[in-house]
Structures are given as structure tokens and as C-alpha cells.
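These notes concern the structure reproduced below.
Hydrogens, waters and symmetry mates are skipped; everything else that's a heavy atom, side chains included, is used.
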Amino acid sequence: MVKTLHPIAGGIALLTIFTFWMSTILSELFGSTAAIVVVKTLIPWGFMILIPALMTAGITGATLSKKFRGPLVAKKQKRMPFLAANGILILIPSALYLSFKAQAGDFDAAFYAVQTIELIAGAVNIALLGLNMRDGLSLTRWRRRLT
């Protein structure tokens with residue numbers, strides 16, 4: 001069950017963050033002010049999907065890492081604290097700040113500065129989660145070859 005749940009939870013987390021990121025980019029480039037407000041308002045609601053997915057991926061990953069060792073597992077484990085810190089310290093506060101600013105119609109320099117930081121931090125998390133997924137898929141293929 002854990003071997004099935006881990007990639008599903010990780011995939012949901014990656015897809016959710018990617019959706020937040022792309023929605024932001026597309027609304028900023030091609031959307032109206034109203035579209036930006038909708039996107040920035042909905043992203044914090046998406047935490048109800050993202051946070052349980054990340055928690056599930058983390059817990060199941062920790063459980064799986066007890067059974068399997070190796071350089072790919074070590075790489076995944078080294079990325080996780082950075083992913084978590086980036087999310088907790090940068091992405092969640094940024095999303096909440098941007099949501100409040102957008103709902104107030106306050107699209108000032110501070111909004112766009114935080115928006116830039118959020119997009120960079122989001123891209124980093126997408127890249128790191130993608131690397132974890134790649135390494136997880138490699139581990140799965142490697143384990144299948146052993147059995």
C-alpha cells in the first residue's frame with residue numbers, strides 16, 4: 001500500500017504546485033485583473049489538496065526509505081528539508097499575502113516583488129519534486145530488475 005500511495009501523493013503534490021505556478025503565469029500574462037484576483041484567491045484553497053499530499057508523500061517516503069538504501073534514496077532525503085522549508089517559509093506566506101493583496105486590488109510594487117519570489121521558489125520546488133519523481137521511478141525500475 002505504501003509503495004502505491006507514495007508516488008500517487010507525490011504526483012498530486014507536483015501537479016498541484018505546477019497548476020498554481022502555471023495559473024499564476026497565465027493569469028499575469030494573458031488574464032484580466034479579475035482573473036488574477038481569482039487565481040490568487042483560489043491558490044490558498046488549493047492548500048487543502050497540496051498539504052495532505054505533501055504530508056502523505058513525506059510519511060510514505062520516510063517509511064519506504066527504511067527498507068531501501070542507496071544513493072538515490074539519499075538524494076531524495078537531502079532534497080526534502082529544502083522542499084519543506086521553501087514551502088513553509090516562502091511559498092505559503094507568499095500565497096496568503098498575494099491573496100490578500102489581490103482581493104484588496106492592491107497590485108503595487110510589493111505585490112509584484114513577492115510574486116516574483118513566489119514564482120522562483122515555486123519553480124525550485126517543481127524542479128526538486130520532479131527530480132524526486134525521476135529518482136523514485138529509477139528506484140522502482142531498479143527494484144524490479146532485482147526481483
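With sequence neighbours left out, S27 forms a side chain to side chain contact (heavy atoms under 4.5 Å, CB included) with I36, V39.
Hydrophobic clustering (ILVMFWY, side-chain heavy atoms < 4.5 Å, transitive): I90 and L119 are in distinct clusters. Note on I43: it does not cluster hydrophobically with Y112, by side-chain heavy-atom contacts below 4.5 Å among ILVMFWY residues. Residues M133 and M22 share a hydrophobic cluster, clusters being chains of Ile/Leu/Val/Met/Phe/Trp/Tyr side chains in contact below 4.5 Å. Connection of L137 to L83 is established within a shared hydrophobic cluster, with ILVMFWY side chains joined at heavy-atom distances below 4.5 Å, either directly or through further cluster members. At a threshold of 4.5 Å between side-chain heavy atoms, the hydrophobic network of Ile, Leu, Val, Met, Phe, Trp and Tyr places F100 and F47 in one connected group.
Minimum interatomic distance between A53 and A9 (heavy atoms only, all atoms of both residues): O-CB, 3.5 Å. Between K101 and D108, the closest heavy-atom pair is NZ-OD2, 2.9 Å. Across S138 and L72, no two heavy atoms sit closer than the pair CB-CD1, 3.7 Å. Heavy-atom minimum distance, P44 versus A95: CG-O, 3.9 Å. Contact detail for G122 and I17: the closest heavy-atom pair is O-CG2, 4.2 Å. T16 approaches G46 most closely through the heavy-atom pair CG2-O, 4.2 Å.
Side-chain atoms of T19 come within 3.5 Å of backbone N or O of L15 as a donor-acceptor pair.
The distance from atom CD1 of I8 to atom NZ of K3, rounded to the nearest 0.5 Å, is 13.5 Å. For the atom pair CZ of F20 and CG of L91, the computed distance is 10.0 Å after rounding to the nearest 0.5 Å. Atom CE in M55 sits 11.5 Å away from atom CG in L50 (nearest 0.5 Å). Note: L129 CG to K76 NZ = 9.5 Å, rounded to the nearest 0.5 Å. Between atom CD1 of residue I59 and atom NE2 of residue H6 there is a gap of 12.0 Å, rounded to the nearest 0.5 Å.
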- [ ] Output, in order, the C-alpha distance, side-chain angles, deciding distance and verdict of side-chain contact (heavy atoms from CB on, under 4.5 Å) for I51 and I92.
- [x] CA-CA 10 Å; I51 292 171; I92 290 175; 4.1 Å; yes
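Residues Q77 and S65 bring a donor and an acceptor atom of their side chains to less than 3.5 Å of each other. In summary, the side chains of K40 and T24 do present a donor paired with an acceptor at a separation below 3.5 Å, with no hydrogens or angles considered.
Counting only residues at least two apart or in different chains, side-chain hydrogen bond (donor to acceptor under 3.5 Å, both in side chains) contacts with residues 125-136 comprise R79-N132, R79-D135, N86-N125.
A perpendicular orientation is assigned to the rings of F107 and F111, their planes being inclined by more than 60° (bins at 30° and 60°).
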